[in-house]
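Everything numeric in this text was worked out from a predicted model, so none of it was measured. We name chains A, B, ... by the order of the sequence lines, and we start the count at 1 in each one.
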Amino acid sequence: MTTITLAPKYDPLAIEGSIYRRWLDAGVFTADVTSDSEPYVIVIPPPNVTDILHMGHGLNNTLQDVLIRFERMRGREALWLPGTDHAGIATQNVVERLLYAENKTRHDLGREAFVERVWTHVNAKGGTILRQLEAIGCSCDWSRTRFTFDEEYSRAVRTVFVRLHQDGLIYRGLRVIHWCPRCHTSLSDEEAEFRDRQDHLYYIRYQFADAEGQDGVVVATTRPETMFGDVCLVFHPEDDRFKELEGRTVTIPMSGVRIPIKTSRAVERDFGTGMLKVTPAHDANDFDIADELGGFDQPSILTEDANMSDVPRVPEQLRGVERAAARTQIVAALEASGQMEKMEPYHHAVRHCYRCHPIVEPRLSDQWFVRMKPLAKPALAAYREGRLRVVPERWGAVYENWLEQIRDWNISRQLWWGHQIPAWHCTDDGCGHITVAMDAPRACESCGGPVRQDEDVLDTWFSSWLWPFATFGWPNETRDLTRFYPGHTLVTAPDIIFFWVARMVMAGYHFLGERPFETVFFNGIVRDTEHRKMSKSAGNGIDPLEVVAQFGADALRFTLVGGAAVGTDVILDPNDLETSFGPGRNFANKVWNIARFIMTNLDGEPTPLDQVDPAQFELADRWILSRCQRTIASATESLDRFRTNDAVNDVYHFTWSELADWYLEQVKPRLYGVADGGDVARSILCSVLESTLRLLHPFTPYITEELWQHLPGERVLLAGSPWPQSDEQLCDDDAETEFGRVKALVTAIRSIRA
RNA sequence: GGGCGAAUAGCUCAGUUGGUCCAGAGCGCCUGCCUUACAAGCAGGAAGUCGGGGGUUCGAAUCCCUCUUCGCCCACCA
């Protein structure tokens with residue numbers, strides 16, 4: 001018999017650490033690759049290696065933990081694979097900022113020293129977030145922790161590059177890409193995010209070069225500074241206003257460079273004046289137009305820093321001037337010369353670097369691309385044919401739409417922190433051959449000359465999209481890969497559907513011929529009371545660890561899961577933690593006291609419920625047993641349907657409003673010996689408490705485990721114990737109806753008395 | 001320019017296929033209780049014409065149309 005010495009109040013801090021250690025020591029989180037049980041696999045959305053835990057992580061990981069603990073208790077071989085992402089551009093930026101504080105740039109260090117510096121930083125600060133996940137109770141299989149920069153993982157990345165190249169799905173080409181002038185790298189379409197800006201539309205007059213005295217032609221542009229890179233003007237071939245102008249020549253203002261007037265169907269007649277300036281090196285559309293017309297150079301007039309270049313096309317006084325300043329000067333000059341016809345306020349969306357804000361500069365450069373259409377096909381089919389389920393469903397349309405409209409993926413980054421592209425250029429310009437291989441070739445495979453490796457690294461997401469299988473040792477046929485791929489549920493936020501989710505599906509099908517997971521469960525975003533996304537930089541964040549310290553991990557989890565209806569955002573008030581997390585703490589305390597009450601009223605180990613003659617059950621007994629079964633059934637169904645909030649709220653209601661408020665009060669006379677049937681009540685209390693702790697465990701693992709250990713009898717860990725089975729036999733409609741009447745009567749009497 | 005979501009009690013939000021879980025929960029508020037599991041609690045109570053308008057139906061918070069107000073995503077009209 002256990003001696004009951006539970007404190008009257010639940011103190012999370014006193015038990016959380018030791019409980020977590022017991023789970024680890026018992027190895028309950030470690031998946032057994034040799035087990036006969038059906039696997040259930042979740043791979044974590046790997047946080048950036050130098051990140052620290054924020055509420056978004058808290059929500060996302062708590063949901064994963066709820067699912068994984070639930071399935072583990074249901075007897076599946078549950079594997080939650082944790083890890084981190086090297087996060088190329090993000091991590092490089094962090095370290096560059098550190099250098100900046102020392103008045104240095106990465107170029108002062110040089111590539112090798114810089115990468116070493118990043119490693120130092122990662123080794124010092126990295127992985128903290130994984131330890132923070134432990135604090136909120138996450139039951140990850142830490143023996144399988146992966147990092148996208150692990151040697152084995154990096155090999156998978158190179159394998160993918162080489163194979164896609166062999167498949168003809170990777171190519172290198174001169175294109176206008178999104179260039180971040182601060183990061184000094186290209187960005188994918190997804191990384192260059194639109195933000196609204198209030199600018200001007202400038203109407204600039206280009207004078208005719210072939211006929212003095214005439215007025216010339218007016219062109220509308222938002223970017224006058226790019227005009228020195230113009231190669232022609234174009235209008236729509238059916239635009240009668242300009243019919244006569246085709247073939248004539250104009251001069252670019254300020255520079256005097258002569259360019260022809262041409263036609264193109266790409267021109268929108270209703271926009272501006274209907275006449276478009278074509279700047280192939282600084283605008284992707286213009287690049288296409290010039291390419292289609294043929295015979296044009298692609299003069300570049302901006303540097304990597306987005307300053308005006310030191311080239312003949314750029315007027316001397318502007319060379320080296322930063323783009324915004326250059327614009328101001330150009331506008332002033334055009335106004336002075338009378339060539340600025342007019343300026344209109346103009347509201348439009350402009351692409352910005354998703355990591356460091358500045359306006360992205362379209363820039364002509366050699367980049368590596370993945371041809372996406374062939375990869376998108378199976379990913380699209382999987383969704384349409386129901387092999388990939390999306391919860392909530394509406395995100396499916398977003399996924400589908402993006403895949404339908406998919407464009408090639410720029411995967412090269414001009415960064416130093418990342419997987420360097422496994423391509424080696426022949427140093428002989430005459431040969432120019434590029435050798436793509438897993439490891440450095442001794443010589444150019446074409447001419448046998450010396451080679452140098454491509455300087456660029458791969459987009460971070462080019463490693464992330466392999467996460468569901470590279471973490472299991474792919475391309476090797478490991479036991480883990482065979483056993484645990486494909487996985488089951490991906491829990492993530494909808495803002496990375498394109499970056500990550502869709503690409504994982506594509507990679508899964510292309511490299512393994514199978515979906516990486518069957519269901520994508522999208523969780524909402526954590527916001528403040530003004531519905532602004534919670535973030536450290538906005539100053540409206542809540543530190544999950546602070547909440548754990550003040551309220552306990554279970555309270556944090558209870559609030560997050562209970563507040564998150566499927567696909568809806570979670571609103572928390574950074575200025576009032578008590579309102580947000582107090583209820584969770586209170587509930588934990590309630591559970592604590594329910595258990596305390598029951599256990600202090602046990603007299604040794606009670607008779608197991610299945611050995612009690614049901615004929616001895618009183619109405620309240622039949623009622624609570626029925627309610628318990630119904631709660632088991634509804635919580636199970638809710639979890640199966642990813643309605644985690646319904647599940648936790650159902651169990652909450654059962655525990656507090658039924659078990660505590662009614663049944664416990666009803667049986668007190670029997671427990672105190674004032675009425676008969678005390679032993680039957682004890683059997684029922686013990687059984688119901690056990691079921692309740694099991695039901696609550698995925699949501700509030702710490703307190704339930706602690707109480708479980710205090711129950712009479714020998715106890716294995718609750719984390720490794722079975723999920724309760726709903727017993728139809730104990731469901732009793734009559735008892736529920738009848739007891740409902742008793743409740744109504746009692747309430748009425750109390751009401752009158754009050 | 002397309003698409004999506006939201007609008008329900010003072011606050012934050014649930015409400016699954018239209019009908020006795022359809023007007024709910026938590027917090028807050030009011031009244032009374034330190035009743036030996038719990039004051040992080042107990043008992044009782046007030047509070048919403050479910051954004052406006054129209055329609056379908058025997059019946060609508062729920063379905064359709066429309067309007068208003070927020071929010072988000074996508075988009076090569078420079």
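Taking side-chain N and O atoms only, A:Asn593 has no distance below 4.0 Å to OP1 or OP2 of B:G41. At B:C4, none of the side-chain N or O atoms of A:Arg394 fall inside 4.0 Å of OP1 or OP2 (strictly under the cut-off). One finds no side-chain N or O of A:Thr279 lying less than 4.0 angstrom from the OP1 or OP2 phosphate oxygen of B:A78. Distances shown here put a side-chain N or O of A:Lys668 below 4.0 Å from the OP1 or OP2 atom of B:A37. Note on A:Arg269: every side-chain N or O is 4.0 Å or more away from OP1 and OP2 of B:C77. In this model, the phosphate group of B:A39 is not approached by any side-chain N or O of A:Lys590 to a distance below 4.0 Å at OP1 or OP2. Between A:Trp656 and B:C42 there is a side-chain polar atom (N or O) within less than 4.0 angstrom of OP1 or OP2. The side chain of A:Tyr663 contributes no N or O atom lying less than 4.0 Å from OP1 or OP2 of B:A37. OP1 or OP2 of B:A40 lies within a sub-4.0 Å distance of a side-chain N or O belonging to A:Lys9. At least one side-chain nitrogen or oxygen of A:Arg351 sits closer than 4.0 Å to the OP1 or OP2 atom of B:C76.
Cation-pi geometry between A:Arg371 and A:Trp409 is not met: the NZ or CZ atom fails to fall both under 6.0 Å from the ring centre and inside 45° of the normal. Under a cutoff of 6.0 Å and an axis angle of 45°, A:Lys668 and A:Phe597 form a cation-pi pair.
In this structure, A:Ala397 reaches neither bases nor backbone, as no heavy-atom distance under 4.0 Å exists between it and the strands shown. Among the heavy atoms of the strands lying under 4.0 Å from A:Val267 is at least one base atom, whether or not backbone atoms are also near. Using a 4.0 Å heavy-atom cutoff across all strands shown, A:Arg750 reaches sugar-phosphate atoms only and no base atom. Residue-level contact check: A:Asp661 touches the backbone only, with heavy atoms under 4.0 Å from sugar-phosphate atoms and none from bases. Here A:Phe498 lies in heavy-atom contact (under 4.0 Å) with sugar-phosphate atoms only. Within the 4.0 angstrom heavy-atom criterion, no nucleotide atom of any strand lies near A:Lys277. Note on A:Arg527: nothing from the nucleic acid sits closer than 4.0 angstrom, heavy atoms only. Residue contacts for A:Leu201: at a heavy-atom cut-off of 4.0 Å it reaches no nucleic acid atom on any strand shown. Among the atoms of the strands shown, none is found under 4.0 Å from any heavy atom of A:Phe581. Nucleic acid contact for A:Ala284: none, since no nucleic acid atom lies under 4.0 Å from a heavy atom of the residue.
Applying the Watson-Crick and G-U wobble criteria (two distances, each under 3.5 Å), B:U35 pairs with nothing in any strand. Partner assigned to B:G44 is B:C30, using Watson-Crick or G-U wobble distances below 3.5 angstrom.
In the set B:C42, B:A78, B:A40, B:A78 carries the atom at the smallest distance from any side-chain atom of A:Tyr346. With B:A75, B:A37, B:A78 as the choices, the nucleotide that has an atom nearest any side-chain atom of A:Glu268 turns out to be B:A78. When distances run from any side-chain atom of A:Asp646 to the nucleotides B:A40, B:A37, B:A14, the shortest one goes to B:A14.
When all heavy atoms of A:Thr279 and A:Asp286 are compared, the closest pair comes out as N-OD2, 2.7 Å. Closest of all the heavy-atom pairs between A:Pro583 and A:Glu578 is CD-O, 3.7 Å.
Checking A:Asn593 against A:Tyr10 by side-chain atom types alone, no donor-acceptor pair falls below 3.5 Å.
Look at the C1' atom in both B:A23 and B:A60: the space between them is 13 Å, to the nearest Å.
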Output, in order, the C-alpha distance, side-chain angles, deciding distance and verdict of side-chain hydrogen bond (donor to acceptor under 3.5 Å, both in side chains) for A:Ser634 and A:Asp650. CA-CA 8 Å; A:Ser634 72; A:Asp650 277 359; 3.0 Å; yes

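Between the base of B:A40 and the side chain of A:Glu578 there is no donor-acceptor pair shorter than 3.5 Å.
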